[in-house]
Amino acid sequence: MEALNINIQENKPYLNLVKMLLDYESPFIINFSEVDFHKSFEKDEDIYEFICQRLNIKLDKKFLFKTIKEHMLKYGGYVLLLNTKKCAVITIIKGDKYEGKIYR
């Protein structure tokens with residue numbers, strides 16, 4: 001959360017699997033995609049409490065909502081906090097007939 005001056009470390013657990021596959025010289029393909037993990041709230045106050053608890057700090061409400069306004073969407077009686085994450089899908093190739101792009 002760059003605007004909040006908070007260093008959030010990205011978790012990339014797939015790298016452990018990639019390292020193991022490289023160590024064993026196993027052919028594999030890795031594809032990345034984006035998946036939506038939007039969270040819904042009944043009111044703005046719920047969003048504020050959620051973010052403060054998640055970051056374990058108290059924030060100025062006006063500043064917070066100004067910072068995240070482009071990630072909020074009103075839908076029906078709810079407010080959605082938009083959250084899209086990148087995911088990795090690893091396909092391990094068995095056999096020796098595969099002729100596509102292999103990462104090793």
Side-chain angles (χ1 to χ4, degrees):
M1 304 208 31
E2 193 175 308
L4 300 176
N5 197 22
I6 296 171
N7 183 16
I8 296 178
Q9 186 177 19
E10 286 189 42
N11 187 9
K12 298 180 180 178
Y14 71 91
L15 291 178
N16 292 331
L17 181 56
V18 168
K19 182 183 179 320
M20 181 188 72
L21 291 169
L22 290 171
D23 289 346
Y24 285 106
E25 297 183 0
S26 298
F28 66 95
I29 300 170
I30 187 166
N31 293 303
F32 295 92
S33 61
E34 292 186 350
V35 179
D36 294 330
F37 291 99
H38 306 324
K39 185 154 177 59
S40 62
F41 299 90
E42 290 186 12
K43 54 188 184 247
D44 290 351
E45 184 64 29
D46 296 337
I47 294 175
Y48 174 76
E49 289 175 12
F50 171 77
I51 291 175
C52 288
Q53 286 177 348
R54 188 87 169 169
L55 299 176
N56 199 28
I57 57 174
K58 286 290 180 192
L59 300 166
D60 178 71
K61 283 185 186 181
K62 287 182 184 180
F63 172 75
L64 174 65
F65 285 108
K66 181 179 176 186
T67 304
I68 67 169
K69 71 180 175 186
E70 64 189 40
H71 300 284
M72 293 172 56
L73 176 68
K74 297 212 182 240
Y75 183 77
Y78 295 94
V79 179
L80 296 177
L81 185 57
L82 304 177
N83 183 13
T84 302
K85 297 188 182 233
K86 291 182 181 172
C87 297
V89 176
I90 298 174
T91 305
I92 300 169
I93 308 302
K94 294 183 87 177
D96 59 355
K97 303 252 182 204
Y98 184 76
E99 296 178 12
K101 187 173 183 179
I102 297 175
Y103 294 85
R104 281 212 219 184

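Just so it is clear, the values below take in all heavy atoms, side chains as well, and ignore hydrogens, waters and symmetry mates.
For Y24, there are no ring-ring contact (aromatic ring centres under 6.0 Å, His included) partners two or more places apart in sequence or in a different chain. Listed by chain and number, the residues in a salt bridge (Lys or Arg N to Asp or Glu O under 4.0 Å) with K19 are D23 (sequence neighbours excluded). With sequence neighbours excluded, the residues that form a side chain to side chain contact (heavy atoms under 4.5 Å, CB included) with N31 are I29.
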For residues 39-47, please give each side-chain donor-acceptor pair under 3.5 Å, one per line with the distance, not counting sequence neighbours.
residue: E45; atom: OE1; partner: K61; partner atom: NZ; Å: 2.6
residue: E45; atom: OE2; partner: K61; partner atom: NZ; Å: 3.4

Under 3.5 Å, sequence neighbours excluded: what are the donor-acceptor pairs made by side chains of residues 70-89?
residue: T84; atom: OG1; partner: D36; partner atom: OD1; Å: 2.8

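Taken to the nearest 0.5 Å, the NZ atom of K62 stands 13.0 Å off from the OH atom of Y48. A distance of 7.0 Å separates CD1 in I51 from CZ in F65, rounded to the nearest 0.5 Å. The structure places NZ of K58 at 7.0 Å from CD of E49, a figure rounded to the nearest 0.5 Å. The distance from the CD1 atom of I92 to the CD1 atom of I30 is 11.0 Å, given to the nearest 0.5 Å.
Hydrophobic cluster membership differs between Y14 and V35, with clusters built from Ile, Leu, Val, Met, Phe, Trp and Tyr side chains linked at under 4.5 angstrom. Put simply, F50 and F37 are part of two different groups of oily side chains (I, L, V, M, F, W, Y) that touch within less than 4.5 Å, one to the next.
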